[in-house]
Trainee: 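This is the structure I want to talk about, given as structure tokens.
Counting begins at 1 with the first residue of the sequence.
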Amino acid sequence: MKVIIIGGGVIGVASAYYLARAGHAVHLIDRSNDIANETSFANGGQVSWSSASPWAAPGIPLTALGWLFKPHSPLILRPNADPAMWHWLMGFLRNCTDARYRRNKERQIRLARYSHSQLVELGRAQGLSFDSQSRGTLIVFRTPGAFEAARRDRVVWSKFGLDVRELNSEQCIAQEPGLSASRDKIAGGLHFVDDACGDCRAFTLSLADRCRTLGVTFELDTSVQRVVRNSDCIELIETTQGNRSADAYVMAAGSYSPLLLRPVGIRLPVYPVKGYSITLPVGDAARAPQGTVTDEKYKVVITRLGNRIRAAGTAELSGYNLKLRSRPRATISRVVSDLFPGCGDLNQVEFWTGLRPMTPDNPPIIGKTPVENLFVNTGHGTLGWTMACGSAAALASIISGVTPDVDMDGLTLDRFA
Ligand SMILES: Cc1cc2nc3c(=O)[nH]c(=O)nc-3n(C[C@H](O)[C@H](O)[C@H](O)COP(=O)(O)OP(=O)(O)OC[C@H]3O[C@@H](n4cnc5c(N)ncnc54)[C@H](O)[C@@H]3O)c2cc1C
């Protein structure tokens with residue numbers, strides 16, 4: 001079957017790989033001049049399958065209110081008149097109950113665990129190199145109260161069989177020696193042993209090379225302008241380089257997916273949640289992180305990627321703008337210098353922003369749509385790198401008419417019907 005994929009981020013490229021491996025003729029279209037040039041370009045690098053939790057959680061509405069008035073807040077809200085933003089926000093708030101949080105977390109972990117196993121298998125089989133590490137994720141807490149509150153999740157960890165170690169500040173330093181200069185700022189830590197990290201863009205670029213050897217064609221610098229529907233089917237897509245048609249179409253355009261599908265009558269509840277990162281060369285290796293560390297208070301992740309350090313954070317609701325604002329940069333830099341002082345030169349950073357394609361309940365949307373030959377793989381929000389391989393493998397099975405190896409309950413568009 002000929003399949004067109006719209007979007008060459010980590011999700012689109014992983015989809016291309018698994019579809020080509022299943023025997024399909026795949027053509028991928030992206031508007032950028034390179035693969036992984038948008039949200040998959042410089043994310044936090046965590047493959048945090050065991051430590052990740054939905055952002056929509058009990059207590060978040062109240063905590064978020066407090067954040068709005070704090071100078072180094074993880075949340076920035078810039079309301080606009082777009083009804084999609086308000087609709088998404090209401091949906092997000094509805095998911096902040098205990099019951100929905102547990103349900104959404106189970107869905108995330110189910111897919112993320114499967115995805116991690118696919119990533120490990122793929123990385124090994126294809127010899128992909130992307131500055132990866134398997135030292136787990138260390139989440140550090142700045143107050144005993146915050147540490148104690150997080151430890152209440154013990155029931156959840158044992159329910160999912162996660163290997164989570166509770167560390168005091170000395171044990172955190174043993175795990176990440178670069179933290180020794182900030183000993184007095186750490187009340188304790190949680191080590192999610194089975195997590196990993198790596199450079200999402202480097203992975204996507206190497207996977208795209210493997211895709212080419214499987215016959216996948218890439219059409220870059222080509223923007224999809226309109227998806228044309230003819231009753232139950234997509235007939236063609238109009239692009240800046242002319243019309244393209246196929247037997248099946250996969251929408252993997254990240255935050256832009258709902259804008260392309262709304263005109264054909266498909267409502268994807270995906271909204272952009274902007275984030276920022278800085279990347280700097282390692283200065284003093286002894287003071288730098290060795291794996292990946294999350295500062296629980298500021299929700300900033302700091303990841304070692306070879307000879308670079310990547311720090312990422314901030315959730316900004318401000319629509320589709322990519323303006324680089326100074327406030328998030330100051331917050332992220334402050335956390336890096338606070339936890340890993342002297343690790344590198346914070347005046348020499350690459351500053352970046354990207355739009356997380358988020359659903360209101362947080363798990364992504366994968367698989368069929370009401371239009372027969374149209375499929376989606378989007379809405380991965382904060383966990384697109386973590387979930388890419390599993391989502392793509394599942395999608396390829398669905399398109400091939402095979403039952404996916406992972407239970408898809410709660411991961412498809414039906415749940416929003
Ligand atoms: C600051 C930050 C930190 C993050 N940290 C992590 C992390 O540590 N771990 C993790 O798992 N996830 C993380 N994420 C989330 C992760 O980066 C995303 O979920 C993931 O990159 C989404 O991939 P995607 O392929 O869906 O979207 P994208 O990478 O945005 O790809 C979509 C593609 O579609 C193309 N496109 C859009 N419109 C059109 C059009 N009309 N025509 C043609 N092409 C089009 C774009 O050019 C783009 O290449 C983070 C995100 C941010 C912003």
Trainee: Under 4.0 Å between a Lys/Arg side-chain N and an Asp/Glu carboxylate O for Glu170 and Arg183?
Mentor: yes

Trainee: Measuring from Ser182:OG to Phe340:CZ, what's the distance to the nearest 0.5 Å?
Mentor: 6.5 Å

Trainee: Does the gap between the ring centers of Trp49 and Tyr114 come in under 6.0 Å?
Mentor: no

Trainee: Is the Tyr276 to Phe351 ring centre distance short of 6.0 Å?
Mentor: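 Ring centres of Phe351 and Tyr276 closer than 6.0 Å.
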
Trainee: Quick one, Pro54 and Lys105 - any side-chain contact, counting heavy atoms below 4.5 Å?
Mentor: yes

Trainee: Check whether more than 12 heavy atoms from other residues, nucleotides or ligands sit under 6.0 Å from atom CD of Gln225, and answer yes or no.
Mentor: yes

Trainee: If I take atom NZ from residue Lys70 and atom OG1 from residue Thr63, how far apart are they, to the nearest 0.5 angstrom?
Mentor: 8.5 Å

Trainee: Side-chain contact test, heavy atoms from C-beta onward, threshold under 4.5 Å: evaluate it for Pro58 versus Cys96 and give yes or no.
Mentor: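 No. Closest side-chain heavy atoms not under 4.5 Å.
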
Trainee: To the nearest 0.5 angstrom, please state how far the OG atom of Ser53 sits from the CD1 atom of Ile139.
Mentor: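 Taking OG in Ser53 and CD1 in Ile139, the distance rounds to 7.5 Å.
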
Trainee: Quick check on Lys185: does its NZ atom have over 12 non-hydrogen neighbours (other residues, nucleotides or ligands) under 6.0 Å away?
Mentor: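 Correct, the count exceeds 12.
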
Trainee: Would you say that Leu138 contacts Thr292 through its side chain, given a criterion of any heavy-atom pair below 4.5 Å between the two side chains?
Mentor: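 SC-SC contact between Leu138 and Thr292 ruled out.
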
Trainee: Take atom CG of Leu62 as the centre, draw a 6.0 Å sphere, and report whether it contains more than 12 heavy atoms from other residues, nucleotides or ligands.
Mentor: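 Open.
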
Trainee: Please evaluate residues Phe92 and Trp55 with respect to the criterion ring pair (Phe, Tyr, Trp, His ring centres under 6.0 Å), reporting the C-alpha separation (whole Å), side-chain torsions for both, the decisive distance (0.1 Å), and the verdict.
Mentor: CA-CA 9 Å; Phe92 181 89; Trp55 279 7; 7.8 Å; no

Trainee: Are there more than 12 heavy atoms of other residues, nucleotides or ligands under 6.0 Å from atom CZ of Arg308?
Mentor: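 Atom CZ in Arg308 is packed in, count exceeds 12.
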
Trainee: Could Arg267 and Phe416 be counted as a cation-pi pair, given that NZ or CZ must be under 6.0 Å from the ring centre and within 45° of the axis?
Mentor: no

Trainee: In Å and rounded to the nearest 0.5 Å, what is the CG to SG distance from Asp131 to Cys197?
Mentor: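 Spacing of CG (Asp131) from SG (Cys197) equals 9.0 Å.
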
Trainee: Within the supplied structure, the quantity of interest is the number of heavy atoms (other residues, nucleotides, ligands) at a distance under 6.0 Å from Arg327 CZ; does it exceed 12?
Mentor: yes

Trainee: What about Trp67 and Tyr298, are their ring centers closer than 6.0 Å?
Mentor: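 They do not qualify: ring centres at least 6.0 Å apart.
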
Trainee: Does Tyr256 have its ring centroid less than 6.0 Å away from the ring centroid of Tyr320?
Mentor: yes

Trainee: Distance to the ring centre below 6.0 angstrom and angle to the axis at most 45 degrees; does that hold for Arg151 and Phe147?
Mentor: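 Yes, a cation-pi geometry.
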
Trainee: Rounded to the nearest 0.5 Å, how far apart are CG of Asp361 and CZ of Arg94?
Mentor: 10.5 Å

Trainee: Taking the basic N atoms (NZ, or NE/NH1/NH2) and the acidic carboxylate oxygens, is any pair closer than 4.0 Å for Asp163 and Arg165?
Mentor: yes

Trainee: Quickly, which of Asp195, Thr294, Thr386 forms a side chain to side chain donor-acceptor pair (under 3.5 Å) with Gln46? Name it, please.
Mentor: Thr294

